[in-house]
Structure formats: C-alpha cells, structure tokens
Amino acid sequence: SPDSSADSAPPRPKFSFRDVLRLHPLAEYLKPYRRAIAGALIAIIVSASTTLALGQGLRAVIDKGFATGSQDLLDEALIFMLAVVIIMSVASFSRYYLISWIGERVVADLRQAVYAHLLTLSLSFYEREKVGSLLSRLTTDTSLVQTVVGSAVPIALRNLIIMIGGTTLLVYTSPKLTGVVAAFVPIILIQVFVLARRVRKLSRQSQDRVADVGAYTDESLHAISTVYAFNHEEADKTAFHQVTEGAFSTAISRIRVRAFLSSSVIFMVFLGITIMLWIGANDVFEGTLSGGELASFVFYALITAGAVAALSDVMGDINRATGSVDRIFELLEEVPEINPPVKPQKFPAKIKGAIEFEDLTFAYPSRPKEKILDNFSLQIKPGEKIAFVGHSGAGKTTIFNLLLRFYDPQYGDIQIDKTSILKTRPRDTRALIGIVPQDPVIFSGNAYDNISYGHPSATHQEIEKAAKAAAADEFIQNLPEGYNTFLGQKGVRLSGGQKQRLAIARAILMDPCILLLDEATSALDATNEALVQKGLENLMKNRTTLIISHRMSTIQQADKIVVLNQGKIEAVGPHGQLIKSSKSYQAFIKQQATKKN
C-alpha cells in the first residue's frame with residue numbers, strides 16, 4: 001500500500017545518484033516548458049561563470065593594482081569586476097525568476113493531473129485509501145516536488161558548475177595547494193553517502209506521519225457534529241496530540257541528521273581551507289606564490305567548498321523529493337477498475353428505460369468472500385416503478401451501485417434497452433440516471449450551484465422551477481440571500497429535510513431517463529413529504545423508477561415490489577399480492593408498523 005510506513009519498506013543500501021534518475025517521471029511535465037528551461041540553464045551557466053570570473057578580477061586587483069601601484073591597472077581591474085557583477089546580477093534575476101516560474105507551473109500541472117486521475121478511480125480504491133493521505137500527496141508531496149524543480153535541482157546544477165570550474169581553477173592556480181584541499185574530499189564524500197541514506201529513510205517516515213495528521217484531521221472535522229454529540233473533544237485532542245507529536249518526533253530526527261550532515265561537511269571543508277591557507281601564506285613569504293594568486297586561490301577554495309556544502313544539502317532535498325515523487329506517481333499509476341472498452345457501444349438515440357439484470361453475482365472488493373448479490377435476475381419494463389425492500393445488507397443499495405457502474409459484477413450483465421452497460425462508457429450510463437440518495441451531499445456553494453450540479457448550463461429560471469417541484473423554493477427564498485446564500489461546508493446550515501429537497505430538485509433538473517430514489521423522503525415530515533411526493537410523482541411519470549424506501553406510502557405506489565433476502569429475490573409483485581403471499585413482506589410491513597407506532 002502507498003500509505004504503509006517507511007519502517008516496513010526495505011532500506012536502500014546507500015545513497016546513489018540513481019535517486020536523481022528516479023525523478024525522471026517529472027520529465028513529462030517539464031517538456032512543454034523547454035524554452036523556459038533553456039533560458040534558465042543559460043542563466044545558471046552565466047551566473048556560475050561570472051562568480052568564477054570574480055576570482056580572476058580579485059587576482060588582477062591585487063597583482064596588477066596594489067602590487068604594481070598603477071592606478072590605471074587598478075581601475076581596469078575594478079571596472080572588469082564591476083562589469084562581471086552587473087552581468088551576474090542580471091543572470092541571477094533571470095535564473096531565479098525562470099526557475100521559480102517553472103517550479104510553480106510544473107506543480108500546478110502535477111496537482112491538476114493527480115486530481116483529474118483521482119476522479120477516474122473506482123470506489124473500491126477509496127475503500128482502502130485514506131482521503132487525508134491523498135490530500136497529503138496532492139499538497140505536501142507536490143510542494144516538495146516544487147522545492148526540487150524550482151530550487152534544489154537548479155541550485156545543484158549551479159553549484160556543480162562552480163565546483164567543477166572552481167576545482168579546475170584551483171589546479172591551474174596552485175597544484176600543490178589543490179592537493180592539500182583534495183585530501184579532505186574522500187572524508188567529506190563518505191560522510192555524505194553514509195548520512196544521506198538515513199536522511200532518505202527518515203524523510204519517507206516524516207511524510208507518512210504528516211499524512212497521518214492530515215487523515216486524522218480530515219476524518220474528525222468531517223464528523224464534527226458526532227464529535228460534539230459524544231463529547232469526544234478531549235479524546236480527539238489527546239489523539240491528535242499523539243499523532244502530531246509522532247510527526248514532530250520523526251521530523252526532528254530527520255532534521256537532526258540533516259543538520260549533522262551539513263555541519264560536519266562544513267567543518268571538514270573549512271578545516272581543509274585553514275590548513276591550505278597556512279601553507280599558502282608560507283609560499284607567498286618564500287616567493288613561490290603571488291599575493292593575488294593566493295587571494296584568488298582562497299576565493300576559489302571558498303566558493304568550491306560552499307558549492308560542495310550546498311550540494312550535500314541539496315542531496316537531502318532530492319532524497320525527500322524522490323520519496324514524494326514515488327508517492328505521487330504510485331497514485332498516478334493506479335489503474336481504474338472500471339474502464340470503458342476500447343470501442344464502447346452507444347445507447348439508442350431515444351432511451352425507453354427498460355432495464356434487465358442477468359444472473360448478477362457480486363461481492364465488494366473489500367469483502368470478496370461475502371456475496372451481496374447471488375444469481376440476481378430481474379426485468380424492468382420502461383416506465384415501471386419498482387420498489388426494493390428487505391433487511392439491511394440484502395443488496396438494495398448494491399443494485400443502485402451496479403446500475404451506476406460504481407462497481408462491476410463478478411458475473412452477469414446489466415442492460416438498458418438491450419445495451420450492456422458493461423460495454424459502454426460509464427459516463428454515458430450515468431448520464432441516463434438521476435439519483436436522490438438517502439444522505440445527499442451538499443457542496444459548499446449556494447442553492448443555484450447545488451441544484452444545477454448535474455446540469456451546469458441550466459438557467460436560474462429552470463433551477464427555480466425544479467426547486468418548486470421539490471418543495472424547496474420556499475425555504476430557499478427565506479434564506480438570507482435566497483438562492484445565492486452560502487450553504488456551508490457539506491450544507492451545515494441546512495436541516496436534513498432541506499438537504500434532501502435540494503437533492504430532489506437536483507434530480508428533477510437533470511430530467512433523467514431512469515430515476516433512483518434511495519430513501520428520498522425519509523428525512524421529511526408529513527407536510528413536506530406530501531409536497532415532495534407530488535413533485536416526485538410528476539418526475540416519475542413516463543420514467544423508469546427504482547425505489548428503496550421504508551415508507552409504506554412510497555412503497556405502495558410502486559408497480560412492483562421486489563423482496564430481497566441475502567442477495568436473492570424472494571418475491572415480486574404489487575403490494576396487494578405480496579401482503580397475501582409473501583411471509584417476508586408481511587414481516588416487513590409489521591416491522592414498519594411497529595416502528596411507526
């Protein structure tokens with residue numbers, strides 16, 4: 001699982017520059033911006049080259065200006081340095097702007113790609129993944145990618161150029177002193193390789209702990225009313241404290257190792273420079289090295305050492321980013337379990353609404369051994385109203401889920417007007433169906449936005465007409481800003497009945513060929529139920545309607561009632577027939593009567 005702890009993942013034996021190659025999936029997102037990348041590379045090269053050129057300017061100032069006492073030569077050297085600084089400034093601006101733009105652009109594209117891919121995945125994927133973890137990949141992990149693309153990799157390139165150029169100029173200036181500096185390089189590299197492995201492992205653990213924080217927050221805040229109802233605030237505070245402290249502890253461990261890595265590298269580098277400076281000063285006294293050469297050598301040694309230190313620090317960022325890239329592209333590589341065929345069939349131009357379930361056998365992916373439907377077969381004529389009754393877990397909602405192609409059956413077929421929905425695009429099937437769920441989802445917009453969710457191009461007049469048919473217009477008009485009132489996250493400003501009426505209005509506006517009512521009137525009082533029922537009656541005219549309900553007033557209006565028991569049809573018929581012939585239906589009626597009383 002992508003969310004498994006890093007502790008269970010096998011550690012890599014050592015740092016490898018292959019980690020950089022593991023960022024290769026990002027190449028596809030960089031391709032559209034080749035010109036900007038080329039400009040940034042030119043700016044990086046110019047910036048690094050002018051930095052190195054400053055050393056030659058410093059040498060000229062000392063040897064040609066101060067040593068000779070010539071004002072003209074000093075002026076020439078200073079003018080040269082000024083020109084180099086101006087070029088460096090322009091290059092630095094261009095480098096920073098272009099690289100930052102590329103980083104932000106790539107991350108925006110990546111986030112859009114991840115979100116778009118999440119919308120293609122099957123419901124079974126969301127059964128096994130935490131939404132908080134997915135949000136972490138969409139935000140935290142992509143931000144780390146931005147750090148690498150827009151900072152770490154360009155910094156690494158610039159410092160790599162400085163390191164190579166500086167090393168070359170060190171050798172050119174004084175091979176002897178270069179040998180002294182080089183003696184410290186193996187020690188530094190060993191430190192980097194050993195500690196980088198630990199940084200990488202802790203980085204992955206840190207990202208997983210941050211994902212845990214997001215997951216816990218998402219779950220508790222989405223159920224805030226339940227938290228309040230059960231006085232669970234203190235327990236949640238304690239649990240959240242433990243989760244955040246776990247993330248903090250892991251982050252501090254990573255920071256400690258990274259800090260030690262940086263400080264130890266810096267110590268060894270500047271220890272080498274100090275020894276080199278002592279030897280170089282003696283060479284100047286002996287006349288084998290000029291003051292300008294020593295000054296330029298020290299300058300090159302400092303910027304080369306700084307480049308090495310920066311590279312060691314950047315390796316930590318790249319290590320973190322490889323973990324993030326792995327997590328992001330693991331997600332992008334998830335394959336939807338429900339995909340349209342290569343050559344999808346099309347439904348007839350005019351849909352009548354005949355539905356046929358043929359020998360369906362189905363078990364949810366999370367419970368593969370528990371059959372919810374077992375050889376289920378049913379034919380529904382166009383325009384028929386079919387009610388499904390049965391105890392919880394009998395398979396009623398599953399029938400709706402399969403018809404909407406949230407899942408596909410393990411065996412059997414579903415046909416609409418003799419066309420198998422398994423051979424069509426899921427979106428084409430869903431376009432024919434309107435649904436009013438038992439627990440309707442209200443989005444954090446206004447009434448116009450929510451009612452038009454399935455028909456975004458609808459006019460305000462059409463939306464208001466649908467609301468009136470669902471008995472929702474009156475309460476909407478009484479809101480502070482009417483249809484433009486913000487309804488709150490998940491519609492927290494509405495009652496259960498008001499949410500349900502908005503969902504009914506949403507289905508009415510869609511004007512579907514097939515209608516699914518899942519306890520559509522369960523949250524309504526008697527007065528509102530009568531109003532909504534009238535709207536539903538108009539909506540159900542000449543429309544195939546499948547109903548799940550425990551209200552007898554709704555069930556009795558059905559042309560046929562299907563009694564389900566353990567995924568199989570026990571009886572089918574109208575209310576009057578079943579009340580005489582089906583013991584299960586009689587028990588159901590008695591149970592509903594008891595609940596009502």
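Quantities reported herein were computed from a predicted structural model and do not represent experimental measurements.
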Can you confirm whether [X] sits close enough to [Y] that some side-chain heavy atom of one is under 4.5 Å from a side-chain heavy atom of the other?
{"X": "Thr424", "Y": "Thr419", "result": "yes"}
{"X": "Ile579", "Y": "Ile589", "result": "yes"}
{"X": "Cys513", "Y": "Thr544", "result": "no"}
{"X": "Arg254", "Y": "Thr250", "result": "no"}
{"X": "Ile555", "Y": "Phe588", "result": "yes"}
{"X": "Asn446", "Y": "Leu479", "result": "no"}

With [X], which residues qualify under side-chain contact (heavy atoms from CB on, under 4.5 Å), at least two apart?
{"X": "Ala558", "value": "Ala387, Ile561"}
{"X": "Ser122", "value": "Ser124, Pro336, Glu337, Ile338"}
{"X": "Pro409", "value": "Leu360, Leu402, Leu422"}
{"X": "Pro456", "value": "none"}

For [X], give me all partners under salt bridge (charged side-chain N to carboxylate O under 4.0 Å, His left out), at least two apart in sequence or on another chain.
{"X": "Glu28", "value": "Lys31"}
{"X": "Asp428", "value": "Arg425"}
{"X": "Arg427", "value": "none"}
{"X": "Lys465", "value": "none"}

If only atom types and distance count, is the side chain of [X] paired as donor or acceptor with the main-chain N or O of [Y] below 3.5 Å?
{"X": "Ser581", "Y": "Gln577", "result": "yes"}
{"X": "Arg137", "Y": "Arg327", "result": "yes"}
{"X": "Asp374", "Y": "Gly567", "result": "no"}
{"X": "Thr485", "Y": "Glu481", "result": "yes"}

Full working for side chain to side chain donor-acceptor pair (under 3.5 Å) between Tyr364 and Thr398
CA-CA 9 Å; Tyr364 284 101; Thr398 299; 2.7 Å; yes
Could you give me the CA-CA distance, side-chain angles and deciding distance for Tyr448 and Asn450, then say whether side chain to side chain contact (heavy atoms under 4.5 Å, CB included) is met?
CA-CA 6 Å; Tyr448 283 128; Asn450 274 281; over 6 Å; no
Quick one: list whatever passes ring-ring contact (aromatic ring centres under 6.0 Å, His included) with Phe388, sequence neighbours left out.
none
May I have the list of side-chain donor-acceptor pairs in residues 109-118 shorter than 3.5 Å, sequence neighbours left out?
{"unit_1": "Asp109", "atom_1": "OD1", "unit_2": "Arg105", "atom_2": "NE", "d": "3.2"}
{"unit_1": "Asp109", "atom_1": "OD1", "unit_2": "Arg105", "atom_2": "NH2", "d": "2.8"}
{"unit_1": "Asp109", "atom_1": "OD2", "unit_2": "Tyr33", "atom_2": "OH", "d": "2.5"}
{"unit_1": "Arg111", "atom_1": "NE", "unit_2": "Leu138", "atom_2": "O", "d": "3.1"}
{"unit_1": "Arg111", "atom_1": "NE", "unit_2": "Thr142", "atom_2": "OG1", "d": "2.8"}
{"unit_1": "Arg111", "atom_1": "NH2", "unit_2": "Thr139", "atom_2": "O", "d": "3.3"}
{"unit_1": "Arg111", "atom_1": "NH2", "unit_2": "Thr142", "atom_2": "OG1", "d": "3.3"}
{"unit_1": "Arg111", "atom_1": "NH2", "unit_2": "Ser143", "atom_2": "OG", "d": "3.0"}
{"unit_1": "His117", "atom_1": "NE2", "unit_2": "Leu331", "atom_2": "O", "d": "3.3"}
{"unit_1": "His117", "atom_1": "NE2", "unit_2": "Leu332", "atom_2": "O", "d": "3.2"}
{"unit_1": "His117", "atom_1": "NE2", "unit_2": "Glu334", "atom_2": "O", "d": "2.8"}

Result for side-chain contact (heavy atoms from CB on, under 4.5 Å) between Ser549 and one of Lys396, Glu519, Gln438 points to Glu519
Atom CZ of Phe240: over 12 foreign heavy atoms under 6.0 Å
yes
Can you establish whether the number of heavy atoms outside Asp439 located under 6.0 Å from its atom CG is more than 12?
no
Mind jotting down which residue pairs meet the ring pair (Phe, Tyr, Trp, His ring centres under 6.0 Å) criterion with at least one end in residues 326-347? Sequence neighbours excluded, please.
none
Describe, in one word, how the ring planes of Phe443 and Tyr453 are oriented to each other, choosing from parallel (under 30°), tilted (30 to 60°) and perpendicular (over 60°).
parallel
Between Asp413 and Ser420: side-chain donor-acceptor atoms closer than 3.5 Å:
yes
Tyr411 versus Asn375, side-chain donor and acceptor atoms under 3.5 Å:
no
Under the side chain to side chain donor-acceptor pair (under 3.5 Å) test, which residues partner Gln379, sequence neighbours left out?
Glu356
Exercise: identify the closest heavy-atom pair between Ala467 and Ala505:
CA-CB, 3.9 Å
